[in-house]
Amino acid sequence: MNTTNIIEIKNLTKRYKNATETSVKGISFSIKRYEIFGLLGPNGAGKTTTISMLCGLFPPTSGTVLIEGRDISRELEPIKRIIGIVPQDIALYASLTAAENLSFYGHMYGLKGKHLKGKIALWLERFGLSQSANRLVSGFSNGMKRRVNLIAAILHQPKILFLDEPTVGVDVQSRNVIIGYLKELNKEGMTIIYTSHHMEEAENFCTHVSIIDHGEILMAGSPAALISAQPGSAKLENVFLQLTTSKLRD
Amino acid sequence: MISKLWASIRKEYLLLIRDKVGLSILFLMPMILIFVMTLIQDSAFKTLNEKGIPIVYVNNDKDSLGFMIEKGLRSNDLCTYYDSINGQPATLSSARQAVADGKFLVGIVVPQGATAAIRKNVSWLIDETVNTDSVGPETQIQVLDSVEITILIDPVTRKSFINSVISNLREFISEIKTKIMFETFSVEIAEKIPDKTPGPKNAYEKTQIIKYKEAYASKSERVIVPNAVQHNVPAWTIFAMFFIAIPLSGSIMKEKSEGSIFRLHTMPGSYLFLTSGKLILYVTVCLIQFLLMLSVGLYFLPMLGLPVLVLGNSFLGIILLTLSTALAASGYGLMVGTLASTEQQGAIMGSLSILLLSALGGIWVPTYIMPQAMRNISAFSPMNWSLDGYYALFLRGSGLRSIGLDAAKLLVFFVATLCIASLTYRIKRKI
């Protein structure tokens with residue numbers, strides 16, 4: 001394994017049971033340490049399936065995934081300790097307060113005591129949620145839930161953070177705060193794998209992007225490289241539309 | 001590890017305590033069930049035991065047999081004696097109508113001249129024995145006349161119950177008849193053979209060599225009488241304990257629908273470890289339920305004039321059986337929650353299967369009145385194992401050893417449910 005690569009994927013394939021089509025078709029790519037890697041694609045392109053396999057949520061039909069040199073199919077438990085995930089849907093207990101949710105997830109990652117309390121207080125403060133720490137999540141706005149959802153994934157300072165559409169339905173203010181702190185975390189040494197529909201956000205946020213459609217990687221490189229490689233494109237969104245066509249997706 | 005477990009238990013506790021509907025299902029529902037079912041069944045018990053069977057008696061004999069039956073019925077706790085209907089002395093026709101209307105369970109009509117007929121028969125027997133020449137054809141016809149006592153029965157009464165009552169009445173009337181015959185026999189003998197030394201006093205009583213003593217075969221030093229409380233408190237406590245399958249599976253399903261299960265799957269630890277917090281909390285809930293239901297039987301039901309719950313002799317047995325039942329119930333809830341794919345599916349699967357298991361297990365209707373085929377099936381219900389165990393402890397006064405098998409079956413059931421849950425989880429993840 002290349003020491004600069006934190007994730008290496010070879011011929012990764014996923015075909016769901018009873019599915020007529022293969023969702024991910026033998027894709028191969030690697031992600032460098034400290035990178036902000038964007039996996040971009042339209043609906044049904046295979047982004048979430050790929051991310052789910054990288055997190056060990058379900059096994060691939062074939063292919064290998066190495067994270068920090070460990071094969072995910074054989075050494076999932078140690079890998080789980082170094083990753084954090086922000087799922088597309090809010091993954092919080094609605095009947096618990098923000099602090100209670102974070103305390104539970106923190107404990108599950110092995111944090112405890114004052115150290116955990118301190119971290120919870122710090123992140124709630126950073127994301128402007130200190131005043132709402134003891135309110136039930138069920139009463140939160142979507143933006144507030146997204147912020148708590150993100151904190152739950154970073155409390156244990158994972159080496160790799162998976163973000164599946166982290167800013168969906170979030171107002172501009174919340175999005176700027178989230179992206180700002182994610183950049184900070186990246187500077188502190190966290191590798192970020194990110195999926196989004198939001199091309200402008202991806203262009204500004206990612207250091208490397210792969211455009212995926214119909215389970216295949218169409219193009220990969222830095223946003224600037226992709227824009228310059230695609231004639232007539234001034235923005236990443238143009239590249240994206242040229243590659244994936246403007247046809248509506250389900 | 002301990003810290004993770006504690007956090008998991010705390011999380012489950014907070015979720016449960018904030019779920020008012022779930023809490024009411026866990027604690028209020030079984031308490032109401034115990035109160036209602038015990039009061040209903042106790043009232044039925046009272047009809048038969050304390051207040052007694054309402055019997056209307058028509059004494060047309062007005063002689064020894066009629067009076068002795070009347071005396072016997074009046075002094076018997078099993079029945080409530082009536083000889084008038086709507087303020088009028090009961091007659092055969094009014095008694096028949098009243099029993100048919102359901103005002104009385106049983107009616108007894110002793111015909112006119114019944115005692116005289118018995119005496120006449122005895123006299124004939126003696127005459128035949130002492131002086132066979134004097135017996136003519138007319139007397140022989142008289143002997144063939146029988147005394148017909150009519151027993152009227154409410155047609156809606158259960159056959160097994162009526163059989164038992166009729167059998168007791170027949171035995172009782174037969175005893176009186178024998179007594180009258182014995183007395184007549186003594187008097188007639190004294191008249192026919194005056195030289196004979198007078199027979200012993202209380203001759204009839206002295207012939208009663210065989211006596212019966214009925215006692216419940218309980219190993220307890222205290223007499224534990226089966227009653228509505230002794231059945232309903234353990235039965236509905238078991239039902240309540242198994243009913244936690246609904247909130248427990250609901251909690252698993254909620255994690256799926258709220259998406260938190262997604263995050264839990266990406267966290268270190270096995271599925272069983274991640275769910276162990278649920279198991280521990282719900283087992284604790286079961287134990288609290290048990291204590292609460294026990295206190296209902298010990299303190300609250302007696303306040304309503306119901307019998308106090310008798311716990312038997314083995315507290316160790318109670319602890320073991322309750323813990324085994326709690327584990328079996330929690331394991332079952334975990335299994336249902338893992339098998340179901342939606343909250344609705346979990347709720348339906350949980351509630352229907354528990355109703356079925358409880359019906360089969362003898363919670364609603366005791367297994368001994370079920371047909372043999374159903375009794376064979378009921379032997380596979382974990383609720384039946386538990387109920388059997390509590391019967392052994394509470395009714396038979398048995399000890400730890402006698403509930404060992406029931407507890408072992410419940411523990412095996414618990415392990416089996418965990419294995420099924422774990423296997424299902426693995427299969428479901430292989431999408």
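Note: hydrogens, waters and symmetry copies are ignored here, and every other heavy atom, side chains too, is used. Note that this is a predicted model, so its numbers are computed, not measured. Chain letters run A, B, ... following the sequence lines, proteins first and then strands; every chain starts at 1.
- Residue Glu258(B) holds its CD atom at 9.0 Å from OG of Ser138(A), rounded to the nearest 0.5 Å.
- Within residues 148-160 of chain A, the residues approaching chain B closer than 4.5 Å by heavy atoms are, in numerical order, Asn149(A), Ala152(A), Ala153(A).
- Of all heavy-atom pairs between Lys17(A) and Ile427(B), the closest is NZ-O, 4.3 Å.
- Lys254(B) NZ: 12 or fewer foreign heavy atoms inside a 6.0 Å radius.
- The environment of Arg126(A) atom CZ is dense: over 12 non-hydrogen atoms of other residues, nucleotides or ligands sit within 6.0 angstrom.
- Summarising the local packing, CD1 of Ile2(B) is surrounded by 12 or fewer heavy atoms from other residues, nucleotides or ligands at distances under 6.0 Å.
- Listed for the Arg81(A) side chain is no donor-acceptor partner under 3.5 Å among the backbone atoms of Pro268(B).
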List the atom pairs, with distances to 0.1 Å, where a side-chain N or O of residues 86-99 of chain A and a protein N or O form a donor-acceptor pair under 3.5 Å, not counting sequence neighbours.
from     : atom 1 : to        : atom 2 : distance (Å)
Gln88(A) : OE1    : Thr48(A)  : OG1    : 3.4
Tyr93(A) : OH     : Lys11(B)  : NZ     : 3.1
Tyr93(A) : OH     : Glu255(B) : OE2    : 2.5
Thr97(A) : OG1    : Glu100(A) : N      : 3.0
Thr97(A) : OG1    : Glu100(A) : OE1    : 3.4

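- Neither the backbone nor the side chain of Leu76(A) comes within contact range of chain B; no heavy atom of the residue lies under 4.5 Å from a heavy atom of that chain.
- To the nearest 0.5 Å, atom OG1 of residue Thr266(B) and atom CD1 of residue Ile79(A) are 12.5 Å apart.
- In this structure, Glu188(A) places its CD atom where more than 12 heavy-atom neighbours from other residues, nucleotides or ligands lie under 6.0 Å away.
- When the shell of 6.0 Å around OH of Tyr13(B) is examined, it contains 12 or fewer heavy atoms from other residues, nucleotides or ligands.
- By the 6.0 Å contact criterion, CD on Glu125(A) is open, its count of non-hydrogen atoms from other residues, nucleotides or ligands being 12 or less.
- Remark: Ser141(A) engages Met144(A) in a side chain to side chain contact (heavy atoms under 4.5 Å, CB included) (not counting sequence neighbours).
- Against chain B, the residues from residues 101-119 of chain A that qualify, each with a non-hydrogen atom under 4.5 angstrom away, are Phe104(A), Tyr105(A), His107(A), Met108(A), Tyr109(A), Gly110(A), Leu111(A), Lys112(A) in number order.
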